[in-house]
Amino acid sequence: MSISTEITPGSDHSKRTDVDWLIERFLGHLKYTRAKDWAYATSMDQYLALSLAVRDVLFERKIITQLTHTRGDVKRVYYLSLEYLLGQMLRCSLVNLGWYESCRERLERLGLDLDELRDIEPDAGLGNGGLGRLAACYLDSLATLDMPALGYGIRYEYGIFDQEIVNGWQVERPDYWLRFGSPWEIVRPEFACPVRLFGRVEHRTDAAGRPRSLWTGCRLVMGLPYDIPIPSCGTGTVNLLRLWSARASESFDLNAFNRGGYLEAVQEQALTETISKVLYPSDAVEKNRELRLIQQYFFVACTLSDIFRRYDKNHDTVDELPNKAAIQLNDTHPAVAISEMMRILVDERALRWERAWEITQAVFGYTNHTLMPEALEIWPVSLFERVLPRHLEIIYDINQRFLDDVRRRYSGDSGRIQRMSLIQESPFKGVRMAHLAIVGSHTVNGVAKLHSDLIRSRLVPDFAEFWPERFTGVTNGVTPRRWLLACNSALAGAITRRIGDGWIRDLDQLRRLEPFADDPEFQKEFQQIKRQNKQRLAEWIGRKLAIPTPIDAMFDVQVKRLHEYKRQLMNILQVIIRYHRIRDERADLPPRVVLFGAKAAPSYHHAKLIIKLINDVGRTINTDPRVADRLRVAFLPNYRVSLAELIIPAADLSEQISTAGTEASGTGNMKFALNGALTIGTLDGANVEIRDAVGADNFFLFGLTEQEVAYYRSTYQPWQLGT
Ligand code: 26Q
């Protein structure tokens with residue numbers, strides 16, 4: 001459904017433009033919200049006041065969007081993700097509104113530089129990497145498609161750590177992104193949600209003689225929602241991202257104060273609030289972490305209660321829920337939602353189990369992002385039982401009914417029953433969250449074609465055989481607004497001048513650029529733009545690292561989380577070989593600047609060692625005058641969304657070299673391609689589809705196929721080679 005909201009702020013004063021109105025609000029916020037006189041305002045004041053002015057516009061549009069959706073009683077998409085890697089919001093909001101240039105000019109007349117102001121904004125780094133950034137891109141695209149969609153997540157006080165490099169080693173520093181407050185959020189105490197944890201289950205019989213389960217003796221935590229507006233590009237729609245922050249509940253305070261002394265009570269309160277304190281900085285499974293499970297449930301409980309609150313406004317029974325809500329699980333991190341939905345329907349709303357299960361399955365969809373068995377979430381039953389005793393019972397009940405169905409189809413196949421069970425028995429008894437997510441959803445999707453095929457053939461073949469129609473693929477994407485229009489405005493302009501601006505909301509239209517591929521004028525313009533982007537990045541590298549980077553050299557870039565499967569180690573070994581060949585005058589190779597950017601999980605020792613190696617190799621090469629004009633290596637510290645927006649438009653070569661069958665999709669690969677870099681890569685994840693789209697001539701393919709990797713894996717023993 002499409003809404004048209006022709007609401008131009010200030011349209012009552014017909015001669016004034018939107019941007020006049022914006023600037024007026026900016027000056028108002030400077031004075032009344034920041035309480036500063038023009039002469040004393042700092043750049044931080046100016047950034048905050050401008051963002052608040054933009055927020056005013058967005059919330060005005062959000063009110064209209066929401067009214068339209070509520071009046072139409074439309075079906076909403078709910079995206080549930082423990083991570084949102086939003087990055088900076090000022091530039092993209094202005095670009096989506098179509099006001100960036102005019103705003104820049106107006107501010108310039110006031111003596112301010114918008115390009116500088118916007119860089120004061122700290123990144124909202126509420127995610128680890130690909131999965132969190134995908135969530136942020138989807139929010140932008142859902143809004144731009146005028147879809148009634150809400151994102152739900154956690155308002156971590158500390159996002160992904162800041163990375164410093166000390167003597168070549170990664171050192172983590174806390175990322176207190178809320179230091180100056182965020183101008184983008186609005187707190188909504190009126191929608192606070194109580195959440196229960198721990199306690200025990202009592203089994204009773206109700207007045208009608210039906211068995212009822214009572215979850216009692218719980219600890220209570222409050223979820224306080226903060227709303228962030230999500231602007232569309234080119235339509236009036238503004239959607240919402242609602243993030244939950246944990247607070248001690250008042251009744252809990254009372255209990256605590258009665259039990260112990262004042263200080264102990266305050267201390268307990270602080271402990272409760274650690275739930276939303278920090279993002280887990282590993283993009284692999286953290287085993288056995290009670291706090292992580294509590295984070296997941298806290299988030300899910302708040303979110304489902306909010307979804308029901310909205311639904312209940314217009315409905316007396318839950319029958320219409322599948323027609324009004326589609327809940328998408330971003331990996332298994334929020335999969336406990338399936339058992340929470342069953343708890344609400346069966347325990348609180350007294351539905352029959354079968355009816356509750358029908359509704360649950362009709363509502364949930366599950367996106368899988370990983371093939372590695374060791375990365376699948378499995379919670380120890382003992383931990384689950386302590387934190388969520390009623391949910392464990394419900395999961396057992398789901399499992400029993402599910403395995404009965406499996407047995408009916410494959411009687412006597414006990415191996416299959418064990419493999420498919422929601423509960424693993426060894427090496428420890430645990431809840432398999434992926435199985436829960438598959439069983440409780442109508443659809444399971446992978447994130448690239450190859451990945452979706454491998455989910456069926458390798459990861460969960462028993463499930464794919466049992467429910468072939470449930471398994472689908474939805475290849476990832478990236479928002480062209482942030483990743484081309486905003487971060488590479490020069491290239492965006494050159495494209496728009498040739499094929500119009502339709503591509504901004506319909507990327508397939510980029511095909512219309514094909515006839516210009518051989519046009520010398522377009523080629524020249526493209527080269528000039530690339531050169532300017534490289535110059536901009538070279539200046540940053542010069543300022544931050546004091547490494548001179550010749551901009552006529554090829555910029556060869558690998559930026560992504562540090563993982564062995566992504567093979568940054570192979571890349572740096574290749575650099576060493578190249579160095580020796582140039583230094584020993586064995587090859588006349590074109591000049592190259594090799595750039596790395598990557599955060600390693602703080603406990604991932606091997607990954608940190610690779611960062612150290614890259615930095616040490618860099619130091620050796622960059623201080624050797626014999627290769628000075630031919631080879632440079634730089635490790636760009638603290639890789640994050642805003643840095644990606646500087647790096648990617650400047651790349652000539654995009655390194656996508658994961659071992660085939662390991663990278664579920666990759667999304668950086670798409671951002672580089674969109675900015676006109678050529679890819680060197682394996683047939684892994686979405687590289688396969690990128691190669692199909694850009695043509696094999698524009699893709700430097702190497703390495704084994706997934707099947708070859710699988711074949712060699714059984715016999716390959718690298719430690720025995722070369723001995
Ligand atoms: C799980 C349990 C406990 C603590 C942390 C986690 C955790 C957190 C983050 C596990 C995994 C992640 C992140 C995974 C991720 O980013 N995967 C990437 O998702 C992208 C979007 O689909 C793909 O493009 C990448 O290929 C995939 O690696």
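Remember, it's 1-based here, ligands and their atoms both numbered in the order they're listed.
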Which atom of [X] lies closest to which atom of [Y], heavy atoms considered:
X: L329; Y: A337; value: CD2-CB, 4.3 Å
X: T272; Y: R219; value: OG1-NH2, 3.4 Å
X: A492; Y: L485; value: CB-CA, 3.8 Å

(request) Before accepting this row, confirm whether a basic side-chain N of the pair E172/K608 lies closer than 4.0 Å to the acidic partner's carboxylate O. (result)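 Yes, this pair counts.
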(message) Regarding R713 and E706, does a basic nitrogen lie under 4.0 Å from an acidic carboxylate oxygen?
(response)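 Looking at E706 together with R713, the answer is no, because their closest N to O distance does not fall below 4.0 Å.
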Under 4.0 Å from a heavy atom of [X]: give me the atoms of ligand 1 that qualify, with their elements.
X: E377; value: 2 (C)
X: E83; value: 8 (C), 9 (C)
X: Y565; value: 28 (O)
X: V447; value: 22 (O)
X: A664; value: 26 (O)
X: G130; value: 16 (O), 19 (O), 20 (C), 21 (C)

At what distance is the nearest protein heavy atom to [atom], and which residue and atom is it?
atom: atom 24 (O) of ligand 1; value: G666 N, 2.8 Å
atom: atom 6 (C) of ligand 1; value: A284 O, 3.4 Å
atom: atom 28 (O) of ligand 1; value: E663 OE1, 3.1 Å
atom: atom 11 (C) of ligand 1; value: D283 O, 3.1 Å
atom: atom 18 (C) of ligand 1; value: L131 N, 4.0 Å
atom: atom 22 (O) of ligand 1; value: H369 ND1, 2.6 Å

(message) Would K277 and Y158 count as a cation-pi pair here, with the cationic atom under 6.0 angstrom from the ring centre and within 45° of the axis?
(response)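 The answer is no, since K277 fails at least one limit relative to Y158.
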(request) Establish, for the pair R155 and Y226, whether the NZ or CZ atom is under 6.0 angstrom from the six-membered ring centre and no further than 45 degrees off its axis. (result)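 Checked: cation-pi criterion met.
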State if [X] counts as touching ligand 1 under the rule of any non-hydrogen atom under 4.0 Å.
X: R133; result: no
X: W379; result: no
X: G685; result: no
X: N476; result: yes

(request) Could you walk me through whether T472 and V444 pass side-chain contact (heavy atoms from CB on, under 4.5 Å), step by step? (result) CA-CA 6 Å; T472 63; V444 177; over 6 Å; no
(request) May I have all residue pairs that pass salt bridge (charged side-chain N to carboxylate O under 4.0 Å, His left out) and include part of residues 641-653, sequence neighbours excluded? (result)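 Checked against salt bridge (charged side-chain N to carboxylate O under 4.0 Å, His left out) - neighbours excluded - the pairs reaching residues 641-653 are R91-E645, R482-E645, K534-D652.
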(request) Return each pair, listed once, that meets salt bridge (charged side-chain N to carboxylate O under 4.0 Å, His left out) where at least one residue sits in residues 428-452; pairs must be two or more places apart or across chains. (result) K449-D453
(request) Measure S282 to ligand 1 on non-hydrogen atoms and call it side chain, backbone, both or neither using the 4.0 Å cut-off. (result)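 Answer for S282: backbone.
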(message) Heavy-atom pairs closer than 4.0 Å: do any link ligand 1 to the side chain of R292, the backbone, both, or neither?
(response)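 It is the side chain that touches ligand 1; the backbone stays farther off.
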(message) Does any N or O of ligand 1 fall below 3.5 Å from an N or O anywhere on S665, backbone included?
(response) yes
(message) Are W467 and F402 an aromatic pair, judged by ring center distance below 6.0 Å?
(response)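 Between W467 and F402, which both carry aromatic rings, the centre distance is below 6.0 Å.
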(message) Can you tell me how the ring of Y152 sits relative to the ring of W244, calling it parallel under 30°, perpendicular over 60° and tilted otherwise?
(response)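 Parallel, since the angle between the ring planes stays under 30°.
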